[in-house]
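All values below come from the heavy atoms of this structure, side chains included, with hydrogens, waters and symmetry mates left out. First listed ligand is number 1; within each ligand, the first listed atom is number 1.
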Amino acid sequence: MSDKKIIIAIDGYSSSGKSTMARALAAKIGYRYIDSGAMYRAVTLYALNNGIIDSQGNIDLPALVSALPSIRIDFKPMPDGTQHTLLNGEDVETEIRQLRVSDNVSPVAAVKEVRTALTDMQRSLGSDKGIVMDGRDIGTTVFPQAELKIFVNASAEMRARRRFLEMSNKGDIVNYEEVLANVVRRDHIDETRAESPLRRADDAIDLDNSQMTIDEQDGWLEEQFHRALNR
Ligand code: CDP
């Protein structure tokens with residue numbers, strides 16, 4: 001293999017399986033994997049835990065903006081090859097995946113100052129290339145120069161079913177209708193916000209993985225990687 005390293009941007013709708021495929025590809029090709037959604041989730045958790053979001057979901061915007069410099073996000077590699085999200089040094093990987101955070105993350109991610117702060121961090125993580133990053137605006141805003149851009153979609157019901165199974169398997173008590181409602185609501189907020197809305201980059205390759213197994217999508221992505229590397 002050549003020493004050439006590229007940037008791979010994987011964007012798409014909530015629970016579309018982006019993270020699973022991004023993580024698997026990064027491990028296989030020896031690239032760094034960054035889950036940009038985990039960063040938005042960590043900021044949301046910080047806001048929830050510090051009274052910046054009330055029980056009705058209202059955000060105290062000035063408080064959120066002034067808290068941003070006190071929020072540090074790191075990723076800690078785990079022995080099993082995954083990585084955990086650290087918020088100011090504390091492992092919050094489990095908490096950020098819970099519905100309490102999912103229910104509040106899209107309004108937080110719509111705040112311009114939050115996006116600017118996290119986009120800067122994401123760009124610096126990718127400054128040496130050799131990175132796979134997944135999210136909503138990686139191919140459009142964070143790395144418009146990425147050599148490979150993928151846009152993933154699947155039906156909302158299929159995505160909700162996957163997320164429901166993933167959470168139930170972890171022991172979370174959730175009901176399918178609630179998960180589906182969250183997926184649909186986040187899609188809507190993510191697509192209609194003013195700042196970097198969820199949008200397919202013009203030069204992205206589409207993937208609808210509704211009918212694909214994980215092995216099939218991993219194989220498909222690896223093939224796209226080799227093509228991009230040789231372009
Ligand atoms: O894994 P899932 O698809 O549920 O979502 P995620 O990737 O963890 O992202 C959580 C939320 O963060 C999304 O619904 C978006 O509101 C926001 N997000 C964003 O605005 N921009 C990104 N690059 C990544 C996530």
Side-chain angles (χ1 to χ4, degrees), residues 7-23 33-48 53 57 59 73 75 82-85 87 92-123 125-126 131-144 146 149-156 158-167 170 172 174 178-201 204 207 209:
I7 294 181
I8 303 169
I10 304 189
D11 289 303
Y13 288 88
S14 59
S15 317
S16 56
K18 302 178 304 285
S19 306
T20 306
M21 65 196 281
R23 190 182 306 116
Y33 164 61
I34 297 292
D35 173 358
S36 69
M39 301 167 76
Y40 288 95
R41 287 172 177 272
V43 171
T44 305
L45 180 65
Y46 182 96
L48 285 165
I53 302 178
I59 304 174
I73 300 166
F75 293 101
T82 62
Q83 52 188 358
H84 282 189
T85 309
L87 171 59
V92 293
E93 189 57 35
T94 304
E95 273 181 281
I96 60 167
R97 307 293 166 190
Q98 290 167 348
L99 219 44
R100 169 176 174 249
V101 171
S102 303
D103 278 339
N104 289 285
V105 64
S106 287
V108 169
V111 175
K112 184 171 185 265
E113 290 84 353
V114 171
R115 302 208 69 82
T116 306
L118 294 190
T119 300
D120 285 351
M121 282 177 61
Q122 290 153 7
R123 287 189 181 140
L125 288 164
I131 193 164
V132 185
M133 193 175 290
D134 78 321
R136 301 290 187 288
D137 62 338
I138 310 305
T140 50
T141 302
V142 180
F143 297 125
K149 300 180 185 179
I150 309 289
F151 192 78
V152 194
N153 202 358
S155 72
M158 183 64 82
R159 290 183 283 123
R161 195 166 312 134
R162 288 179 185 150
R163 182 50 53 92
F164 169 74
L165 286 175
E166 184 188 0
M167 295 182 81
K170 277 197 222 156
D172 284 349
V174 279
E178 214 180 342
V179 174
L180 176 62
N182 175 262
V183 161
V184 171
R185 178 165 168 270
R186 279 201 286 139
D187 286 354
H188 177 73
I189 301 177
D190 293 348
E191 278 180 313
T192 55
R193 68 179 175 223
E195 285 301 316
S196 303
L198 166 61
R199 193 173 58 72
R200 177 189 178 284
L207 171 67
N209 63 7

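- Note: no N/O pair closer than 3.5 Å links Asp35 and ligand 1 by distance alone.
- Taking a 4.0 Å cut-off on heavy atoms, Met39 fails to register as neighbouring ligand 1.
- Taking any N or O of Arg186, backbone or side chain, at least one lies under 3.5 Å from an N or O belonging to ligand 1.
- Of the N or O atoms in Arg41, one or more lie within a sub-3.5 Å distance of an N or O in ligand 1.
- With respect to atom 7 (O) of ligand 1, the closest heavy atom belonging to the protein is Arg136 NH1, 3.3 Å.
- Distances from ligand 1 to the non-hydrogen atoms of Arg159 include no value under 4.0 Å.
- Atom NZ of Lys112 is surrounded by 12 or fewer heavy atoms from other residues, nucleotides or ligands within 6.0 Å.
- Residues Arg193 and Arg115 form a side-chain contact, since some pair of their non-hydrogen atoms from C-beta on lies under 4.5 Å apart.
- For the pair Ser196 and Thr140, the minimum side-chain heavy-atom distance is 4.5 Å or more.
- Ranking the protein heavy atoms by distance from atom 16 (O) of ligand 1 puts Asp190 OD1, 2.6 Å first.
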(message) side chain to side chain contact (heavy atoms under 4.5 Å, CB included) for Thr141 and Arg123? Distances and angles first, verdict last.
(response) CA-CA 10 Å; Thr141 302; Arg123 287 189 181 140; 4.1 Å; yes
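- Counting protein heavy atoms only, atom 17 (C) of ligand 1 is closest to Ala109 CB, 3.7 Å.
- Contact of the Val142 side chain with the Met121 side chain is not registered, since no non-hydrogen atoms from C-beta on lie closer than 4.5 Å.
- The shortest side-chain heavy-atom distance between Ile138 and Ile7 does not fall under the 4.5 Å cut-off.
- Between Ser19 and ligand 1, no N or O atom pair is found at a separation short of 3.5 Å.
- Nearest-heavy-atom check against atom 4 (O) of ligand 1 across Glu166, Arg163, Arg162 picks out Arg163.
- Heavy atoms of Arg193 come nearer than 4.0 angstrom to ligand 1 in at least one pair.
- Counting heavy atoms from C-beta on, the side chains of Ser19 and Tyr33 come closer than 4.5 Å.
- Side chains of Arg100 and Asn104: a donor-acceptor N/O pair is absent below 3.5 angstrom, by distance only.
- Here the heavy atom of the protein found nearest to atom 9 (O) of ligand 1 is Gly37 CA, 3.5 Å.
- Separation of atoms NE2 (His84) and CD1 (Ile96) is listed at 9.5 Å; rounding is to 0.5 Å.
- Taking atom 24 (C) of ligand 1 as the reference point, the nearest protein heavy-atom neighbour is Ser36 OG, 3.3 Å.
- For Arg185, no heavy-atom contact with ligand 1 is shorter than 4.0 Å.
- Heavy-atom distances between Met133 and ligand 1 stay at or above 4.0 Å for every pair.
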(request) Please report the C-alpha distance between Glu93 and Arg97 in whole Å, then the side-chain angles of each, then the deciding distance to 0.1 Å, and finally whether the salt bridge (Lys or Arg N to Asp or Glu O under 4.0 Å) criterion is met. (result) CA-CA 7 Å; Glu93 189 57 35; Arg97 307 293 166 190; 2.9 Å; yes
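- Residue-to-ligand polar distances keep Asp134 apart from ligand 1: every N/O pair is separated by 3.5 Å or more.
- On a distance-only criterion, Ser15 and ligand 1 share at least one N/O pair closer than 3.5 Å.
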